[in-house]
Amino acid sequence: MKTILVPTDFSIAADSAIHYAIKMALFWDASLILYHSFIPFESGFYLLSLSEQENMEAHKKLTDRLTTIKNSIVNKNPNLSVSIHVDQGPEGIKIIDFCKKSKSDLIVMGTKGASGLKEKLIGSFTAEVMTNAPCPVLAIPKKYKFKVPEKITYATNYNKKDKKVLQSLLEFNRLFNAKITILHIDWGITFFTADEDYEHYKKTIQNHFKDFEFTFNHTVGKDVSKTILEETLLDKTDIIVMNPLKRKGIWNRIFYRSVTKKIAYHIPVPLLSIPTK
């Protein structure tokens, strides 16, 4: 049985992720783990050492909140396996550690649009989890309601790891059987702009995956993240997919740092990151 890990901070955005994860679990015949991590301090500027008793009380209150959510889910879905876990420590680090220990197959987490410093912090946290998680991470926009995906877009720079990403994506898509488009944005650098490179990539993918017919979209845009959003909106994409590998050099600065974060807090549809070793 697959396991879906669902971090929550009890916000509306996190609730959206929980509702989506429930539907995913029913499709996958998977179990759910509701997760929360807290840091014992009373001020955002001065960390205070709390007593063991206060820590236990905080742990119990959070456990009770997760239990309430769990009971509500089970009452409506009696055949669904749901467990809870409360951690103590920095959420980004603890989520990754627990994901490895629990051998989770997918993390479903909430995200939401913001601006200024808040936007930067949200983007950084989402990118951190996506980059370091050992399993795929599905970020769900605030108030987004689950629908069976009919169209999925994989945004790529024609990376050599694409075959592994696409193989994992096909496994994810097995129950949905959605149309998958491979999208590449030329943004003025000549690494992948030549037509022969595109044709070679397309032929390589088609020859490797003979049992699935991908659609290819090779277009131009100065702002990669904006163009991805525009293209997926026009195509009525239900899920955007990206590979969160830490890349060196200029592509890291433009694609990984900028695009992943911008997409993460501006997406109108779920964003799926699929890691490769």
- Show the numbers, then the answer: is there a side chain to side chain contact (heavy atoms under 4.5 Å, CB included) between I84 and T67? CA-CA 7 Å; I84 63 173; T67 300; 3.3 Å; yes
- Task: Calculate, to the nearest 0.5 Å, the distance between atoms CG and CG belonging to D9 and D15 respectively.
- Result: 8.5 Å
Please tabulate, for the side chains in residues 163-174, all donor-acceptor contacts under 3.5 angstrom to protein atoms that are two or more places apart in sequence or on a different chain.
residue	atom	partner	partner atom	Å
S168	OG	K164	O	3.3
N173	OD1	N177	N	3.4
N173	OD1	A178	N	2.9
N173	ND2	A178	O	3.1

- Quick check, are the ring centers of H85 and F98 under 6.0 angstrom apart? yes
- Task: Report yes if some heavy atom in the side chain of P270 is under 4.5 Å from a heavy atom in the side chain of P141; otherwise report no.
- Result: yes
- Message: Quick one: does any side-chain atom of S273 pair with a main-chain N or O of N243 as donor and acceptor, under 3.5 Å?
- Response: no
- Query: Same hydrophobic cluster for F212 and Y201, using side-chain heavy-atom links shorter than 4.5 Å among ILVMFWY?
  - Reply: yes
- From K70 atom NZ to N75 atom CG, the distance as rounded to the nearest 0.5 Å: 11.0 Å
- Message: Between V6 and I107, is the side chain to side chain contact (heavy atoms under 4.5 Å, CB included) condition met? List the steps.
- Response: CA-CA 6 Å; V6 192; I107 297 176; over 6 Å; no
- Does any N or O in the side chain of S72 come within less than 3.5 Å of the main-chain N or O of T68, such that one atom is a donor and the other an acceptor? no
- Item | Test item: H36 side-chain N/O and T8 main-chain N/O as donor-acceptor pair under 3.5 Å | yes
- Gap between atom CZ of F216 and atom CD of E199 - 0.5 Å precision: 9.5 Å
- Query: Rounded to the nearest 0.5 Å, what separation is found between the CG atom of D238 and the OG1 atom of T153?
  - Reply: 9.0 Å
- Message: Under a 3.5 Å distance rule, please check whether N159 uses its side chain to pair with a backbone N or O of K161 as donor and acceptor.
- Response: yes
- Message: Is there a side chain to side chain contact (heavy atoms under 4.5 Å, CB included) between L62 and F10? Walk through the geometry before answering.
- Response: CA-CA 10 Å; L62 292 168; F10 309 106; 3.7 Å; yes
- Check whether any side-chain N or O of S16 sits under 3.5 Å from a backbone N or O of I12 as a donor-acceptor pair, and report yes or no. yes
- Query: L233 and L272: same hydrophobic cluster, using ILVMFWY side-chain contacts below 4.5 Å?
  - Reply: no
- Item | Side chain to side chain, S83 and S31, heavy atoms closer than 4.5 Å | no
- Item | For Y20, side chain to side chain donor-acceptor pair (under 3.5 Å) partners two or more places apart | none
- Query: So, D235 side chain and T237 main chain: donor-acceptor pair closer than 3.5 Å or not?
  - Reply: no
- Item | Non-neighbouring partners of S102 that pass side chain to side chain donor-acceptor pair (under 3.5 Å), sequence neighbours left out | S104
- Query: So with a 6.0 Å cut-off around CD of Q206, is the heavy-atom count from everything else above 12?
  - Reply: yes
- Message: Checking Y198 against D186 for the side-chain hydrogen bond (donor to acceptor under 3.5 Å, both in side chains) test, could you report, in this order, the C-alpha distance in whole Å, the side-chain angles of both residues, the deciding distance, and whether it holds?
- Response: CA-CA 11 Å; Y198 164 63; D186 265 342; over 6 Å; no
- Item | Check against side chain to side chain contact (heavy atoms under 4.5 Å, CB included), F27 and V148 | CA-CA 10 Å; F27 259 93; V148 177; 3.4 Å; yes
- Task: Consider only side-chain heavy atoms of I, L, V, M, F, W and Y, link residues closer than 4.5 Å, and tell whether V74 and L80 are in one cluster.
- Result: yes
- Verdict with reasoning, F214 to Y154, per ring pair (Phe, Tyr, Trp, His ring centres under 6.0 Å): CA-CA 10 Å; F214 293 95; Y154 172 48; 8.9 Å; no
- Message: Nearest 0.5 angstrom please: T232 OG1 to I240 CD1, how far?
- Response: 3.5 Å
- Message: Taking the basic N atoms (NZ, or NE/NH1/NH2) and the acidic carboxylate oxygens, is any pair closer than 4.0 Å for D29 and K2?
- Response: no
- Message: Please find the pair of heavy atoms, one from A155 and one from I228, that lie closest to each other, and give the distance.
- Response: CB-CD1, 3.8 Å
- Message: Has T156 got a side-chain atom pairing as donor or acceptor with Y158's backbone, closer than 3.5 angstrom?
- Response: yes
- Does a side-chain N-to-carboxylate-O contact under 4.0 Å join K60 and D64? yes
- Item | Criterion side-chain hydrogen bond (donor to acceptor under 3.5 Å, both in side chains) on N217 and T181, from CA distance to verdict | CA-CA 7 Å; N217 182 359; T181 297; over 6 Å; no
